[in-house]
Amino acid sequence: MTPAPSPTPVPVEVFVHSGPAEWWQILAALGPLAVLVGAVIAGFIGWSTLQQRAVADNRAEWWKRTQWALDAVYSGDTKRGTVGLKVLWVLGDSELAGSGELAVLEAAWEEPLNAAERQLAVEGVTARAPGAVDKDERTMEIAAARLRTLTDRRLGKQTPEWVTALAGE
């Protein structure tokens with residue numbers, strides 16, 4: 001018996017008629033995108049929290065250094081007070097020092113410069129000769145004048161000429 005030839009395949013046309021996708025199919029397709037958006041939002045919130053914490057920590061350290069420097073200024077020791085005024089100058093130049101912090105720093109230069117101003121009024125001159133006062137006291141006055149020029153500049157205030165001249169020594 002001879003094998004029967006196989007019939008030639010006839011193409012079958014198939015038409016798939018589908019309606020619009022169901023709502024749950026669309027929602028399921030958007031699932032990975034929703035996860036990605038959620039991850040990005042959570043990452044942004046975490047990053048913002050870390051940034052805020054870093055700024056708060058930096059401000060806390062700034063304040064600790066300021067307290068040390070103010071204690072040094074009011075210690076009664078002119079050499080230590082001079083170092084404190086110089087540290088306050090550096091702290092006042094920091095971006096962490098806002099207008100409120102700069103107002104606190106103003107208190108540090110008031111006493112040394114008020115004493116120098118009173119002495120100038122007594123002597124009737126606009127500037128004292130470098131040898132007219134103790135060297136350590138003069139150095140503290142110069143540091144106070146430099147701090148005042150910084151705080152005045154940052155706060156938009158006018159600095160008296162005698163203070164500017166003293167700061168330039």
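The minimum heavy-atom distance between Ala69 and Gly84, with the atom names listed, is CB-O, 3.5 Å. The two residues Ala72 and Ser75 come nearest to each other via the heavy atoms O-OG, 2.8 Å. Pairing each heavy atom of Ala107 with each of Tyr74, the nearest pair is O-OH, 2.6 Å. Between Gly81 and Met140, the closest heavy-atom pair is CA-CE, 3.9 Å. Annotation for Gly92 and Leu105: closest pair CA-CD1, 3.5 Å, computed over non-hydrogen atoms. Nearest heavy atoms, Leu85 versus Ala108: CD2-O, 3.8 Å.
Listed for the Gln25 side chain is a donor-acceptor partner under 3.5 Å among the backbone atoms of Glu22. Judged by distance alone, the side chain of Ser94 and the main-chain N or O of Val90 form no donor-acceptor pair under 3.5 Å. Looking only at distances, no side-chain donor or acceptor of Arg154 sits under 3.5 Å from a matching main-chain atom of Ser99. Listed for the Asp93 side chain is no donor-acceptor partner under 3.5 Å among the backbone atoms of Trp89.
Note that CG of Asp57 and CD of Gln52 are 10.5 Å apart. Values are rounded to the nearest 0.5 Å. To the nearest 0.5 angstrom, Arg153 atom CZ is 9.5 Å from Leu102 atom CG. Atoms CG and CG, from Asp152 and Leu147 in turn, are 9.0 Å apart once rounded to the nearest 0.5 Å. With rounding to the nearest 0.5 angstrom, the CD atom of Glu137 is 11.5 Å from the CD1 atom of Ile142. Rounded to the nearest 0.5 Å, atoms CZ (Arg148) and NZ (Lys157) are 8.0 Å apart. Here the CG atom belonging to Leu150 is positioned 9.5 Å from the OG1 atom belonging to Thr159, to the nearest 0.5 angstrom.
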Please walk me through it: do Lys64 and Trp68 pass side-chain contact (heavy atoms from CB on, under 4.5 Å)? CA-CA 6 Å; Lys64 285 179 187 177; Trp68 177 88; over 6 Å; no

Evaluate side-chain contact (heavy atoms from CB on, under 4.5 Å) for Thr82 paired with Arg138, printing each intermediate quantity in order. CA-CA 10 Å; Thr82 301; Arg138 183 66 170 189; over 6 Å; no

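Between Glu141 and Arg146, none of the side-chain N atoms (NZ, or NE/NH1/NH2) sits under 4.0 Å from a carboxylate O, so this pair counts as no salt bridge. Ion pair Arg59/Glu101 flagged as a salt bridge, since at least one NZ, NE, NH1 or NH2 atom sits closer than 4.0 Å to an Asp/Glu carboxylate oxygen.
Here the side chains of Trp109 and Thr149 are not in contact, with every heavy-atom distance at 4.5 Å or above. At a threshold of 4.5 Å between non-hydrogen side-chain atoms, the residues Ser48 and Ile45 do not count as touching. Contact of the Leu96 side chain with the Leu91 side chain is not registered, since no non-hydrogen atoms from C-beta on lie closer than 4.5 Å. Side-chain contact between Glu106 and Leu155 is present, with heavy atoms from C-beta onward closer than 4.5 Å.
Hydrophobic clustering (ILVMFWY, side-chain heavy atoms < 4.5 Å, transitive): Ile26 and Leu33 are in one cluster.
Surrounding CD of Glu95 are at most 12 heavy atoms belonging to other residues, nucleotides or ligands under 6.0 Å away.
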